[in-house]
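Side-chain atoms are counted along with the backbone in the values below, which use heavy atoms only and exclude waters and symmetry mates.
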Amino acid sequence: MRNFFYAVVFISLIGFGSFSVLKSQAQEVGSYKLQVASYPYQISEIKPSGGKNTISGVSSSIDPIKIIPDLKVAYYPEDKISTFPDPKLGFGSTIKIERAPVISVRDGKRSKQYRSWMITAGELFTEKGIEIGTDDKVSVSLGAQIFDGSTVSITRVAITNVVDTRPIDFAVQEKEDSNLDYGKKRVDSGIKGEKKLTYRVTREDGDEVSRVLLTTEITKQPKTQINYTGTKVTVLSSVRGTATIGPKQCSVVSANYKAGTLVRITNSANGVKVFGTVDCTWGTATAPPGIVLDLSMSVLSSLKWNGLGAGPSVLVEEIKR
C-alpha cells in the first residue's frame with residue numbers, strides 16, 4: 001500500500017512541466033565528482049488579499065525554509081507554510097505560503113510595518129511588545145479589528161511637572177540724606193529676588209502642546225534699591241547784591257564765583273530759595289556796581305520776582321559739594 005502511495009506521488013510530480021525529470025548537480029571534491037540531487041519544487045504564494053502567485057524552480061534542499069530562498073522567494077517568520085508531499089521523500093513537492101496580513105503602525109514619530117495574524121489592535125500590540133501608556137492616544141480602540149493594509153497611529157503622551165525659576169526685579173526708591181552734602185548721590189544697591197513657577201506640561205510625540213501654571217512660590221524676596229540725594233547745606237562763602245536779567249544762553253552768570261560753583265540764591269524780598277550752578281561768568285569784564293548775578297527769566301520766575309526794578313535783591317551763597 002505504501003509503495004502504491006509513493007507511485008501516486010511520483011506520477012503527480014510529472015505535472016510540474018519542466019520539472020518532470022529529476023536533475024542532478026555535480027560537485028567536485030578533490031579528483032572526484034559527487035552527484036547532488038536537485039528536486040523540482042513549486043511554490044504557491046497566497047496573498048492576504050486572496051491573490052495567488054506560482055513560482056517554480058529546483059533546490060537540492062529538503063527543508064522548506066531553505067527551499068523558499070533557493071527559488072528567490074521572500075520568506076517572513078509570520079507566514080504560514082505547508083508542503084505536499086513531504087520534501088523529505090526526495091520527490092520534490094508543492095509548498096504553499098500563506099502571507100500574513102501587513103499592518104502599519106505609526107508609533108510616535110516612527111513608522112513600522114508588522115506582519116501578524118492577530119485580529120484586533122490590542123492583540124497586535126501584545127504580540128509585538130508594543131506598550132501603551134496610560135496617557136497615550138491610539139487612533140482606534142484596542143478591540144478594533146485590523147486587516148491587511150490597516151494603519152494604526154499611537155500618539156505618545158507625556159505629562160510632567162516642570163519647575164521654571166525666574167528673577168524678580170527690585171523696586172527703586174528715591175530718598176533724601178541730610179548727612180550727605182547737597183546734590184551728592186549715594187546708592188544702596190538693590191538685589192533681585194527669585195520665584196519658582198511649577199507648570200504641568202503636556203507633550204505629544206515629544207512636542208509640547210500645553211503648559212498650565214500650577215503654583216508660584218517666592219524663594220527669595222527682592223531688596224529695594226534706594227537712591228539717596230544729599231540735602232546737607234554747608235555754606236563756604238556768600239555775597240549780597242542785585243540779580244538782573246541775563247543773556248538767554250546762560251542761566252546763572254556770576255560776578256564772584258567761577259563756572260561750576262554750586263550756589264543757593266535767596267530772594268531777600270520773600271525768602272524764596274533756589275539752587276543753581278554757575279554756568280557763565282563776567283570773565284574779564286567788571287560787573288556794574290551792586291550787581292552780583294545775571295539770571296535767566298526761568299530762574300527769576302522760580303524766585304517769585306515781582307518784575308519791579310532791574311531785578312530782585314538776593315543773597316548768593318557758595319555751597320559745598
Note to self: Taking atom NZ as the centre, does Lys223 end up with more than 12 heavy-atom neighbours from other residues, nucleotides or ligands that are less than 6.0 angstrom away?
What the structure shows: yes

Checklist line | Atom CZ of Arg211: over 12 foreign heavy atoms under 6.0 Å | finding: yes

Is any NZ, NE, NH1 or NH2 atom of the basic residue among [X] and [Y] found under 4.0 Å from an Asp or Glu carboxylate oxygen of the other?
{"X": "Lys192", "Y": "Asp169", "result": "yes"}
{"X": "Arg264", "Y": "Glu318", "result": "no"}
{"X": "Arg106", "Y": "Asp205", "result": "yes"}
{"X": "Arg99", "Y": "Glu45", "result": "yes"}

Next item on the list: Keeping the roles fixed (side chain from Asp188, backbone from Ile226), state whether a donor-acceptor pair exists under 3.5 Å.
Entry: no

Do [X] and [Y] pair up side chain to side chain, a donor and an acceptor below 3.5 Å, judged on atom types alone?
{"X": "Asn161", "Y": "Thr198", "result": "no"}
{"X": "Arg321", "Y": "Thr277", "result": "yes"}
{"X": "Ser59", "Y": "Ser61", "result": "no"}
{"X": "Lys185", "Y": "Thr229", "result": "yes"}

Notebook entry, point to check: If you look only at pairs with a residue in residues 121-135, which of them pass as a salt bridge (charged side-chain N to carboxylate O under 4.0 Å, His left out), with sequence neighbours excluded?
Noted result: Glu78-Lys128

Item checked: Residues forming a ring-ring contact (aromatic ring centres under 6.0 Å, His included) with Tyr182, sequence neighbours excluded -> Phe275

Next item on the list: Return the set of residues passing side-chain contact (heavy atoms from CB on, under 4.5 Å) with Ala144 (not counting sequence neighbours), or none when no residue passes.
Entry: Val140, Ser141

Note to self: Using the side-chain contact (heavy atoms from CB on, under 4.5 Å) definition, which of the options Thr155, Ile154, Ile132, Asp136 pairs with Asp107?
What the structure shows: Ile154

